[in-house]
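I have placed the structure first, in the form of structure tokens, so that the comments after it can refer back to it.
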Amino acid sequence: MTKKQLALEVIERLKKEYPLADCTLDYDAAWKLLVSVRLAAQCTDARVNVVVQDLYAKYPDVDALAEATPEEIEAIVRPCGLGKSKARDISACMKMLRDEYDGKVPCDFDAILKLPGVGRKSANLIMGDVFKKPAIVTDTHCIRLTNRIGLVDGIKDPKKVEMALWKIIPPEEGSDFCHRLVYHGREVCTARTKPYCDRCCLADICAKNEI
């Protein structure tokens, strides 16, 4: 089985296992997803979803958050960890959205990538979830599982994993595929315990690499 054939089989099996391929960060506007994905670095999505409720209650739109000082933002987002740097990035990002994009998140990948605190993972998440464009989000689950399964070979650099996956994942499947990897990585192919291979829908086709 080629890597492309393996990818298609993995996609189909994960679709059956996890029919709903939703982002696990709560948001109802593109700028809120930008904020949440920045806060999610080294923090659980569940905690982020709780913390942002207080943030948006006090700063309900881009303009309000752009007016807030990094210190005011940090006071609310501190439970997510790395509060100072996250607050600084969020402040700068909201100011840029306000001043250069009329308060709206641009729909161009390179433009999103230029926003403060935004890397390729975040930009791809926005492109896929908000704008429904082809996207591959190489978070820790994606990197770990695609290596274990054998879709990529011993690659840990997020951009290199992304580039390798673009060659074998149909563009229209990328975003949902990555969301399903998150669910599978949390429930079955776990990082902190031994993977539950006995109840894995991919067990017979997985390379089971120790990564």
Side-chain angles (χ1 to χ4, degrees), residues 22-131 135-145 156-159 161-162 175 178-179 181-183 185-187 190-193:
D22 296 330
C23 178
T24 51
L25 291 168
D26 296 336
Y27 70 97
D28 57 13
W31 69 270
K32 290 183 178 180
L33 183 55
L34 265 181
V35 170
S36 288
V37 75
R38 181 65 188 96
L39 291 176
Q42 299 182 41
C43 180
T44 65
D45 290 356
R47 174 168 289 186
V48 171
N49 289 338
V50 171
V51 170
V52 293
Q53 293 179 27
D54 290 336
L55 186 67
Y56 301 147
K58 190 168 184 179
Y59 307 109
D61 53 40
V62 170
D63 286 348
L65 200 49
E67 288 297 323
T69 66
E71 291 75 21
E72 289 171 327
I73 297 171
E74 182 188 356
I76 298 174
V77 305
R78 191 176 292 119
C80 293
L82 304 174
K84 192 175 293 294
S85 62
K86 290 179 180 181
R88 183 179 63 243
D89 286 342
I90 290 169
S91 175
C93 184
M94 294 302 111
K95 283 180 168 63
M96 191 167 176
L97 289 183
R98 179 195 63 189
D99 298 340
E100 298 186 27
Y101 295 103
D102 195 28
K104 297 179 177 62
V105 176
C107 60
D108 176 75
F109 181 85
D110 291 330
I112 296 173
L113 204 54
K114 291 177 182 176
L115 295 170
V118 176
R120 294 189 66 87
K121 181 185 78 171
S122 302
N124 270 299
L125 184 65
I126 296 290
M127 291 300 290
D129 277 50
V130 175
F131 300 115
I136 290 178
V137 182
T138 49
D139 61 8
T140 55
H141 292 290
C142 177
I143 294 168
R144 187 178 77 256
L145 268 64
K156 296 186 178 180
D157 178 79
K159 185 176 180 180
V161 171
E162 180 192 335
S175 182
C178 292
H179 284 322
L181 288 179
V182 172
Y183 286 111
R186 289 176 178 172
E187 297 179 18
T190 53
R192 295 184 180 180
T193 64

Response to the item:
Residues passing the ring pair (Phe, Tyr, Trp, His ring centres under 6.0 Å) test with Y56, sequence neighbours excluded, are W31
Response to the item:
Separation between CG (L33) and CG (D26), nearest 0.5 Å, reads 10.5 Å
Worksheet, complete the sentence: Closest non-hydrogen atoms of T138 and P158, given as atom of the first, atom of the second and distance, are OG1-O, 3.2 Å
Worksheet item: Which residues pass the side chain to side chain donor-acceptor pair (under 3.5 Å) test with D89, sequence neighbours left out?
Response: R38
Worksheet item: Taking the side chain as C-beta and beyond, is there a heavy-atom pair between Q42 and L82 under 4.5 Å?
Response: yes
Worksheet item: Can you list the steps and then say if H179 with D22 is a side-chain contact (heavy atoms from CB on, under 4.5 Å)?
Response: CA-CA 6 Å; H179 284 322; D22 296 330; over 6 Å; no
Worksheet item: How would you list, by chain and number, every residue that makes a side chain to side chain donor-acceptor pair (under 3.5 Å) with D99, sequence neighbours excluded?
Response: none
Worksheet, complete the sentence: CZ of R98 to CG of D61, rounded to nearest 0.5 Å, is 11.0 Å
Practice prompt. Indicate yes or no: at least one non-hydrogen side-chain atom of V130 is less than 4.5 angstrom from one of V105.
Written response: no
Worksheet entry | Distance-minimising heavy-atom pair for I112 and M127 | CD1-SD, 3.7 Å
Discussion item. Restricting to non-hydrogen atoms, name the atom on N49 and the atom on T24 that form the minimum distance, rounded to 0.1 Å.
Written reply: ND2-O, 3.1 Å
Worksheet, complete the sentence: Hits for side chain to side chain donor-acceptor pair (under 3.5 Å) against E187, two or more places apart or cross-chain, chain-then-number order -> none
Fill in: Value rounded to 0.5 Å, distance of CZ in R88 from CD in E71
10.5 Å
Fill in: Heavy-atom pair of closest approach, residues A68 and I73
CB-CG1, 4.0 Å
Worksheet entry | Test side chain to side chain donor-acceptor pair (under 3.5 Å) applied to K95 - qualifying residues, sequence neighbours left out | S91
Practice prompt. Please list, chain by chain and in numerical order, all residues satisfying salt bridge (Lys or Arg N to Asp or Glu O under 4.0 Å) with D45, sequence neighbours excluded.
Written response: R186
Fill in: Residue pair L97 / L34, side-chain heavy-atom distance below 4.5 Å
yes
Practice prompt. Look at the side chain of N124 and the backbone N and O of A135, then say whether any donor-acceptor pair between them is shorter than 3.5 Å.
Written response: no
Worksheet, complete the sentence: dist R144:CZ -> K156:NZ (nearest 0.5 Å) comes out at 11.5 Å
Worksheet entry | Heavy-atom pair of closest approach, residues V77 and G83 | CG2-O, 4.2 Å
Worksheet item: Are the side chains of L65 and L55 in touch, meaning some heavy atoms are under 4.5 Å apart?
Response: yes
Practice prompt. Look at the side chain of K121 and the backbone N and O of V37, then say whether any donor-acceptor pair between them is shorter than 3.5 Å.
Written response: no
Worksheet item: At their closest point, which heavy atom of Y59 faces which heavy atom of A64, and how far apart are they?
Response: CD2-O, 3.6 Å
Discussion item. Please report the interatomic distance CG(D139) to CG(L181), rounded to the nearest 0.5 Å.
Written reply: 8.0 Å
Worksheet item: Roughly how far, to the nearest 0.5 Å, is the OG atom of S85 from the CD atom of E74?
Response: 9.0 Å
